[in-house]
Amino acid sequence: MICNDDQLAIRDLARRFARDKLAPQYQARDKSGVLDRALLREMGQLGLMGVDLPEAVGGLGAPGVTTGIIAEELAAPQLADYWIPRMISGETLMGVCVTEPSSGSDAGSMKLRCRRDGDSYVLDGEKTSITFADCADAFIVFARTGAPDSGAAGITALIVPADAPGVARTRFNDVGSHIIGRGSVFFEGVRVPVENRLGGENQGFTHVMRGFDFSRALISLQCVGCAQASLDEAWDYTKTRTAFNAPIASYQGVTFPLVEGDSQIAAIRQLSYHAIALRDAGLPHTAEAAMVKWMGPKTAFDVIHQCLLTFGHYGWSMDLPHQQRMRDVMGLEIGDGTAGIMKLIVARERVGRVAVQYGKR
Ligand SMILES: Cc1cc2nc3c(=O)[nH]c(=O)nc-3n(C[C@H](O)[C@H](O)[C@H](O)COP(=O)(O)OP(=O)(O)OC[C@H]3O[C@@H](n4cnc5c(N)ncnc54)[C@H](O)[C@@H]3O)c2cc1C
């Protein structure tokens with residue numbers, strides 16, 4: 001990835017922050033399962049949040065590629081006038097509520113009811129599998145304002161403060177990503193003003209789909225960052241660990257799998273940045289984002305696994321970070337869309353809607 005001077009400066013800042021502030025407590029935070037809000041605020045103060053948003057609301061107005069650089073370097077934890085500055089400063093955490101107990105991949109069939117009542121919308125139903133469910137300060141909620149059979153054309157997006165009367169939330173006991181957590185959010189007669197609507201009524205689905213093309217490339221870069229950290233540690237280890245009177249770096253059975261991983265991760269990194277650069281240029285990038293979203297987490301998982309094995313019996317310890325990285329990237333194989341759905345998206349981009357002949361609702 002070729003960076004300009006501003007991007008190089010932000011990359012160095014993100015790298016230093018990840019090395020000095022995130023890495024030392026990486027495993028301890030996983031054990032505690034508590035999101036460190038002070039760290040988020042610090043990221044906000046350093047200008048590592050919302051860099052691609054306009055300067056008028058506190059962002060840097062930087063290209064999306066810059067956000068990609070930060071996502072890769074941190075490889076972790078990672079709208080109106082009121083909310084965006086608070087999100088950028090790290091004061092406010094926003095969850096995104098799309099998935100429901102009966103619909104995930106088929107998000108267009110969501111049921112959460114949203115009815116207009118004067119100057120308000122009233123929400124009833126459940127969202128599930130929501131990142132930050134129990135610690136978010138607000139949620140972007142996608143809900144059905146159209147008829148039950150209106151599909152993707154009857155969905156509206158609203159900002160709902162987490163402390164609004166009628167909101168309740170839970171936390172799941174997950175395999176990984178313990179720091180950010182995941183859970184259900186329940187809405188019972190939750191009333192929000194019409195001004196909290198994002199975009200037009202019944203047009204929320206277009207928003208969520210456009211956002212995915214960006215977030216999928218960023219997720220891939222987070223996985224690239226995790227895998228690269230394990231690769232760098234494994235390469236170092238091969239130089240110091242000896243077996244049969246030689247460093248294990250002298251055995252091609254050790255180095256070639258690491259070379260394969262390094263090569264795959266380098267290729268995925270480039271395609272991820274390419275997807276974001278296409279977005280910055282206003283060009284179609286749906287297929288590229290879907291490609292890296294399925295390849296990034298899966299390849300990162302396999303590569304980190306190989307790195308764990310490179311450490312021999314030492315690798316099979318909770319004290320080393322590889323197991324945590326594997327658990328964290330595995331969740332990203334599902335979140336924001338599974339590999340199966342990503343491949344459907346790429347096929348649809350290539351041959352049109354014939355690639356997605358769904359059953360009748
Ligand atoms: C770590 C994590 C974080 C998440 N964060 C959020 C969040 O913040 N907000 C949110 O709204 N959701 C979130 N999710 C939910 C996630 O987006 C959904 O789990 C995902 O979209 C899949 O939906 P599902 O689990 O209902 O699986 P289903 O849709 O039930 O699919 C089950 C299986 O069938 C396959 N499948 C389904 N349809 C097809 C098809 N047509 N062709 C081929 N294969 C198919 C899928 O690939 C999958 O393997 C998160 C999930 C995880 C694991």
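Both backbone and side-chain heavy atoms feed into the values below; hydrogens, waters and symmetry mates do not. Just follow the structure's listing: the first ligand is 1, and inside any ligand the first atom is 1.
- L271 is listed as a side-chain neighbour of E288, based on a closest heavy-atom distance under 4.5 Å.
- The cationic group of R241 does not satisfy the cation-pi geometry with Y237, failing either the under 6.0 Å distance to the six-membered ring centre or the 45° limit from the ring axis.
- Comparing V96, D336, L344, I130 against atom 17 (O) of ligand 1, the shortest heavy-atom distance belongs to D336.
- Ranking protein heavy atoms by distance to atom 26 (O) of ligand 1, first place goes to G104 CA, 3.2 Å.
- Of the residues V329, I265, I219, the one that meets the side chain to side chain contact (heavy atoms under 4.5 Å, CB included) test with V224 is I265.
- The protein heavy atom nearest to atom 10 (C) of ligand 1 is T99 OG1, 3.4 Å.
- In terms of protein heavy-atom proximity, atom 38 (N) of ligand 1 is closest to I341 CD1, 3.8 Å.
- Residues R182 and D134 form no side-chain contact, since every pair of their non-hydrogen atoms from C-beta on lies 4.5 Å or further apart.
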Quick one, D232 with Q228, criterion side-chain hydrogen bond (donor to acceptor under 3.5 Å, both in side chains). Give me CA distance, side-chain angles, the key distance, then yes/no.
CA-CA 6 Å; D232 292 346; Q228 194 64 56; 3.1 Å; yes
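- Nearest-residue assignment for atom 47 (O) of ligand 1 (options T338, T131, V141, D174; heavy-atom criterion): T338.
- Residue R182 touches ligand 1 through its side chain alone, judged by heavy-atom distances below 4.0 Å.
- From the protein, the heavy atom lying nearest to atom 1 (C) of ligand 1 is G331 O, 3.7 Å.
- At least one N/O-N/O distance between S129 and ligand 1 falls below 3.5 Å.
- Note: an N/O pair closer than 3.5 Å links V98 and ligand 1 by distance alone.
- Of all non-hydrogen atoms in R171 and G181, the two that sit nearest each other are NH2-CA, 3.5 Å.
- For the 3.5 Å distance criterion, the side chains of Q45 and R41 fail to qualify, holding no donor opposite an acceptor.
- Of the candidates S105, P297, G337, it is S105 that places a heavy atom closest to atom 29 (O) of ligand 1.
- Under the 4.0 Å distance rule, the nearest protein heavy atom to atom 3 (C) of ligand 1 falls inside the cut-off.
- Among all non-hydrogen protein atoms, the one lying nearest atom 44 (N) of ligand 1 is G340 CA, 4.3 Å.
- Protein heavy atoms are absent from the space less than 4.0 angstrom from atom 34 (O) of ligand 1.
- By the 6.0 Å and 45° rule, R197 does not stack over the aromatic ring of Y121.
- Of all protein heavy atoms, the one closest to atom 20 (C) of ligand 1 is I334 O, 3.7 Å.
- Under the 4.0 Å criterion applied to side-chain N and carboxylate O atoms, D302 and K298 are assigned as salt-bridge partners.
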